[in-house]
2 protein chains.
Amino acid sequence: MCKTCGCSFRSRDFGNIERFIEPCILLLLSKSSSHGYGLMEDLEKHCGEKVDIGDLYRTLRRMEKDDWVKSDWEKNIAGPDRRTYTITADGKNFLMSAASSLIRTDKLIHRFLEGYQKIKIIH
Amino acid sequence: MCKTCGCSFRSRDFGNIERFIEPCILLLLSKSSSHGYGLMEDLEKHCGEKVDIGDLYRTLRRMEKDDWVKSDWEKNIAGPDRRTYTITADGKNFLMSAASSLIRTDKLIHRFLEGYQKIKIIH
DNA sequence: ACACATATATGTAAATATCATATAGTAAAA
DNA sequence: TTTTACTATATGATATTTACATATATGTGT
């Protein structure tokens with residue numbers, strides 16, 4: 001049920017990749033360690049990802065539970081302290097397998113789009 | 001929690017596009033009307049999609065509720081009767097917008113893979 | 001009579017996403 | 001000095017989606 005207008009149609013955008021944010025985070029962290037709020041800004045700037053900040057923090061905690069990242073509190077004079085995340089060996093491995101999966105996903109999309117072009121020409 | 005081995009890691013494959021099956025179904029139906037079981041075979045053969053049959057039937061009923069397809073029962077001498085689905089005008093519109101979304105998704109994946117190639121060269 | 005392929009459907013649980021809200025530190029404006 | 005804005009982390013509640021199991025029924029071949 002669409003929340004904005006109350007209609008019976010689903011409102012979520014189509015085409016979302018499940019948990020795409022996770023490899024994006026790991027890619028950023030493999031360049032340099034960072035904290036949640038900083039990752040939010042980088043995800044929007046460099047990854048074209050719009051981010052729900054609550055989801056991002058929850059995702060980071062989950063990724064630490066999965067041992068893909070580890071975190072340490074960092075003193076911050078200019079504002080609230082930060083929880084700084086660093087990628088682990090497991091995180092690098094997942095990033096590698098995620099890249100393979102995304103290549104497969106990309107092929108599926110291409111196959112679909114090719115098929116779509118064909119029916120578009122006919123009709 | 002992983003069901004097969006009981007470990008604390010998530011087991012689902014990474015890279016799944018949410019509801020990707022729906023535009024795939026609509027693409028097949030825009031070639032010719034079909035029923036659930038037939039769509040299952042075509043999705044696996046032509047779309048490279050492994051399909052949960054229960055999910056497929058539920059998805060088709062939902063798509064009819066959304067007016068993307070309509071269905072009629074068809075007599076079948078060679079087996080149980082079939083519910084045959086036909087794409088609607090709304091379904092064609094959704095298919096078009098899904099194709100646009102997937103082009104965007106594809107760009108996100110490419111951006112990610114380019115970034116990944118860069119860090120792979122460095123490390 | 002029984003197994004098997006075809007055919008549709010639902011129950012339940014887990015995982016994920018969305019939206020709202022809570023809390024707190026720092027700095028600058030009013 | 002109080003209020004506002006920005007930075008920063010986190011959780012509650014709900015909706016959506018997926019996964020796996022199970023139920024039901026028809027027709028064919030052995």
Side-chain angles (χ1 to χ4, degrees), chain A residues 1-25 34-44 49-66 69 71-85, chain B residues 1-25 34-44 49-66 69 71-85:
Chain A
M1 185 78 80
C2 176
K3 280 179 178 179
T4 44
C5 66
C7 73
S8 66
F9 298 98
R10 285 163 288 158
S11 56
R12 274 166 67 180
D13 284 343
F14 179 80
N16 298 324
I17 300 166
E18 229 183 321
R19 290 161 48 206
F20 183 51
I21 200 174
E22 296 179 42
C24 289
I25 288 167
S34 187
H35 61 288
Y37 199 87
L39 286 166
M40 174 194 68
E41 295 176 318
D42 286 341
L43 284 166
E44 289 181 352
E49 275 283 278
K50 67 169 170 52
V51 176
D52 180 280
I53 188 67
D55 185 40
L56 175 58
Y57 284 114
R58 195 132 36 187
T59 298
L60 285 166
R61 307 304 297 119
R62 194 176 55 194
M63 289 170 75
E64 180 157 30
K65 226 181 63 207
D66 286 341
V69 296
S71 73
D72 296 287
W73 282 98
E74 201 183 71
K75 275 264 160 251
N76 181 21
I77 322 129
D81 290 353
R82 296 160 167 171
R83 189 193 278 277
T84 299
Y85 287 92
Chain B
M1 187 79 78
C2 175
K3 280 180 176 178
T4 44
C5 66
C7 74
S8 66
F9 299 97
R10 284 162 287 158
S11 56
R12 276 166 67 179
D13 284 344
F14 179 79
N16 300 323
I17 299 167
E18 235 183 311
R19 291 160 47 206
F20 184 50
I21 200 175
E22 296 179 41
C24 289
I25 288 167
S34 186
H35 62 286
Y37 199 87
L39 285 166
M40 174 194 66
E41 296 177 317
D42 286 340
L43 284 166
E44 288 180 353
E49 275 284 279
K50 67 168 171 53
V51 174
D52 180 280
I53 187 65
D55 185 39
L56 175 57
Y57 284 113
R58 193 132 38 187
T59 299
L60 285 166
R61 308 302 299 120
R62 194 175 56 192
M63 287 169 76
E64 181 157 30
K65 225 182 63 206
D66 285 343
V69 296
S71 73
D72 296 288
W73 282 100
E74 200 183 73
K75 276 263 160 254
N76 181 21
I77 321 127
D81 290 353
R82 295 160 167 172
R83 188 192 279 277
T84 299
Y85 287 92

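Note that the structure is a prediction, hence the values are computed from the model and not measured.
- Proximity of A:Asn76 to the phosphate of D:dA8: a side-chain N or O atom is located under 4.0 Å from OP1 or OP2.
- Nearest to the side-chain atoms of A:Asp55 among the listed nucleotides D:dT7, C:dT10, C:dT18 stands C:dT18.
- Where B:Ile17 and A:Asp52 meet DNA chain D, the nucleotide closest to each residue was compared, and A:Asp52 sits on the side nearer the 5' end.
- Put simply, A:Arg83 has no side-chain N or O that comes within less than 4.0 Å of OP1 or OP2 on D:dT9.
- Going from atom OH of A:Tyr37 over to atom P of C:dA24 covers 19 Å, rounded to whole Å.
- Where A:Ile21 and A:Gly79 each meet DNA chain C at their nearest nucleotide, the meeting point lying more 5' is that of A:Ile21.
- Side-chain contact check for B:Val51 versus B:Leu39: every heavy-atom pair is 4.5 Å or farther apart.
- At whole-Å resolution of the value, CH2 in A:Trp73 and C1' in D:dT7 are 12 Å apart.
- Residue A:Ile53 is classed as a base contact, given a heavy-atom separation below 4.0 Å to a base.
- We find the CD-CG distance between A:Glu18 and B:Asn16 to be 5.0 Å, quoted to the nearest 0.5 Å.
- Among C:dT18, C:dA9, D:dT9, the nucleotide with an atom closest to any side-chain atom of A:Asn16 is C:dT18.
- Look at CG on A:Leu56: it is 13 Å from P on C:dT18, rounded to the nearest Å.
- What separates CZ of B:Arg61 from C1' of C:dA7 is a distance of 14 Å, to the nearest Å.
- Summarising the geometry, the separation between CZ on B:Arg19 and P on C:dA17 is reported as 13 Å, rounded to the nearest angstrom.
- With contacts defined as side-chain heavy-atom distances shorter than 4.5 Å, the pair A:His35/A:Trp73 does not qualify.
- In this structure, a donor-acceptor pair under 3.5 Å is absent between the side chains of B:Arg83 and B:Tyr37.
- Between A:Arg58 atom CZ and C:dC19 atom P there is a gap of 14 Å when expressed in whole angstrom units.
- Residue contacts shown for B:Gly54 include a base, since a base heavy atom lies under 4.0 Å away.
- Of the listed nucleotides (C:dA24, D:dC20, D:dA10), D:dA10 has the atom at the smallest distance from the side chain of A:Tyr57.
- Straight-line distance from the CZ atom of A:Arg62 to the C1' atom of D:dT11: 15 Å, rounded to whole Å.
- Taking atom CG of A:Leu39 as the reference point, atom P of D:dA8 lies 11 Å away to the nearest angstrom.
- With D:dA8, C:dT6, D:dT17 as the candidates, the nucleotide lying closest to the side chain of B:Pro80 is C:dT6.
- Closest to the side chain of B:His35, out of D:dT17, D:dT9, C:dA7, is C:dA7.
- The CE atom of A:Met40 lies 11.0 Å from the CD1 atom of A:Ile21; values are rounded to the nearest 0.5 Å.
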